Amino acid sequence: MYRAAKDTPPCLDNATFAGNVEVQASKGRGRGLFTAKDVIAGELLLCEKAFSYCSSKHSKTSILINTHTSQATLGTQADLITDIVQKIFRSPSLMPVFTSLYHGDYEPVDEAEVDGMPIIDTFLVNRIVSFNVFGCPRTSLENHSAKSTSESPHHTCRIFIKASHINHSCYSNARRSFIGDMQIVRATRNIPAGSEIVFWYAIPGPNYTYEKTQEKLKNWGFQCTCAICQQSKKIKKNVSSKRLALLEALKAAFGNRTSADLPKAERILNAVEKTYTELATDLPRLALWHPYLLLTRIYCSKNQQDKVIETAWKVLKSLGFKIKRQNPLSLQSPFEIEQWGLMEDCLT
Ligand SMILES: [Zn+2]
């Protein structure tokens, strides 16, 4: 697959697999993608070929002007719209599949054909693309391994029909990756049958705040109501101010890493822990995992193995992992993951 993904266009000779998922109504958010059976962390949920695909490398630098909204669409995304219009015109049976995707409040034209020729509502195509387009690398592996290429990390635009039904949540239970024109979605936690599959459209990174998250999502026209956002919304002002002040003090304690005051950093992190009321296993503590990871790296550079183990466990605990260990201070000790947590990008 990786060899085939090097070709241009990188169209893989593989088929879509969607046996573990099904589209269902999702309360308050239209439709969503749900598990059709119990799945365990790491299991394949969906492997889907792109419905349409365009690469910036071969962009015809098209410009499309939407006379409804007076907005212009440029480059690869404009090429994608053109490609979809031509594809549906040549194969009108694909129209219902594509036009069933979310298109906001746009009212499509009623007529499907005139004089035996299909009518393609290009405004509708434009709206669907604007809400559902995926900006992807040629392969996620290349992207993660940071190999230098002349291509930008998100140099292709694609539309996936099934994967477009996956709704947003900061408390994601799935992870996606790309290879050529395929998207692969795997479970990152154990998910019972009939549960909604969710992943983030905007990553709730270490600097997560409720306000910043809603701002990032406004282009999709909804507000996130996941457990993390709900808890963050109701946090008292004095608690959030205290947490922010502690995190500022933590930055000063870390300094430029070589001069870090590690005992002080640990004391501050302990104080940040106390600003949370819910258990980390119930709700990840987003402000903590990144500083603990930094602490782990610093202890690693100092070859302090006990501290490396202790802080690495705290990284995972902050993200909601529940791990049973026979000997907490030994790397060789067997352990069992009782609950999987949030799968942040730089930890995978
Ligand atoms: Zn959220």
Side-chain angles (χ1 to χ4, degrees), residues 21 23-35 39 41 45-46 102 104 130-135 163-177 183 185-192 194-237 239-244 247 272-273 275-293 315-322 339-348:
V21 296
V23 176
Q24 289 181 20
S26 173
K27 195 177 174 189
R29 37 193 194 179
R31 287 169 302 157
L33 203 64
F34 289 73
T35 46
V39 292
L45 292 168
L46 173 68
Y102 180 69
S130 69
F131 282 120
N132 296 282
V133 68
F134 287 75
S164 286
H165 290 88
I166 301 178
N167 286 313
H168 165 91
S169 171
C170 304
Y171 203 175
S172 156
N173 60 10
R175 190 173 173 82
R176 65 190 187 201
S177 58
Q183 177 172 181
V185 183
R186 288 186 179 277
T188 54
R189 288 188 267 149
N190 298 339
I191 315 175
S195 307
E196 182 161 9
I197 299 160
V198 284
F199 59 53
W200 46 61
Y201 299 177
I203 300 172
N207 298 319
Y208 164 91
T209 65
Y210 175 79
E211 292 75 19
K212 273 190 212 165
T213 301
Q214 308 312 322
E215 178 65 24
K216 284 184 205 167
L217 296 171
K218 73 177 183 190
N219 286 342
W220 282 281
F222 68 88
Q223 294 208 316
C224 183
T225 56
C226 75
I228 294 173
C229 284
Q230 282 183 37
Q231 195 273 344
S232 182
K233 196 178 175 184
K234 69 182 183 194
I235 191 171
K236 288 185 178 152
K237 200 134 188 106
V239 177
S240 81
S241 303
K242 184 180 176 187
R243 191 183 295 165
L244 282 175
L247 291 171
V272 177
E273 296 261 17
T275 64
Y276 288 91
T277 48
E278 280 80 3
L279 293 172
T281 45
D282 291 339
L283 217 49
R285 299 176 171 180
L286 294 178
L288 282 167
W289 68 269
H290 201 258
Y292 275 132
L293 184 61
V315 173
L316 296 171
K317 194 178 163 193
S318 307
L319 289 167
F321 284 81
K322 193 173 174 187
Q339 175 181 298
W340 291 78
L342 209 55
M343 202 63 80
E344 282 280 354
D345 270 9
C346 66
L347 290 177
T348 54

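Each residue takes its place number in the sequence, starting with 1. What you are looking at is a predicted structure, and each value in this text was computed from that prediction instead of being measured. Indexing begins at 1, ligand by ligand and atom by atom, following the structure's order.
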What is the minimum heavy-atom distance between L283 and A227, and which atoms define it?
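So the minimum-distance heavy-atom pair works out to CD1-CB, 3.5 Å.
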Taking the Zn ion (ligand 1) as the vertex, how big is the angle to SG in C170 and SG in C226, rounded to 10°?
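With the Zn ion (ligand 1) as the vertex, the angle is close to 110°.
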Vertex the Zn ion (ligand 1), arms to C229 SG and C224 SG, rounded to 10°
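An angle of 110° at the metal.
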Check whether more than 12 heavy atoms from other residues, nucleotides or ligands sit under 6.0 Å from atom NZ of K322, and answer yes or no.
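No, not enclosed.
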Can you tell me if K212 has over 12 outside heavy atoms packed within less than 6.0 Å of its NZ?
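For K212, atom NZ is crowded (more than 12 foreign heavy atoms under 6.0 Å).
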Does H168 bring an N, O or S atom to within less than 2.8 Å of the Zn ion (ligand 1)?
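No, H168 does not qualify, because none of its backbone or side-chain N, O or S atoms lies under 2.8 Å.
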Rounded to the nearest 0.5 Å, how far does CD of Q223 lie from NE2 of H168?
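Between atom NE2 of H168 and atom CD of Q223 there are 11.0 Å.
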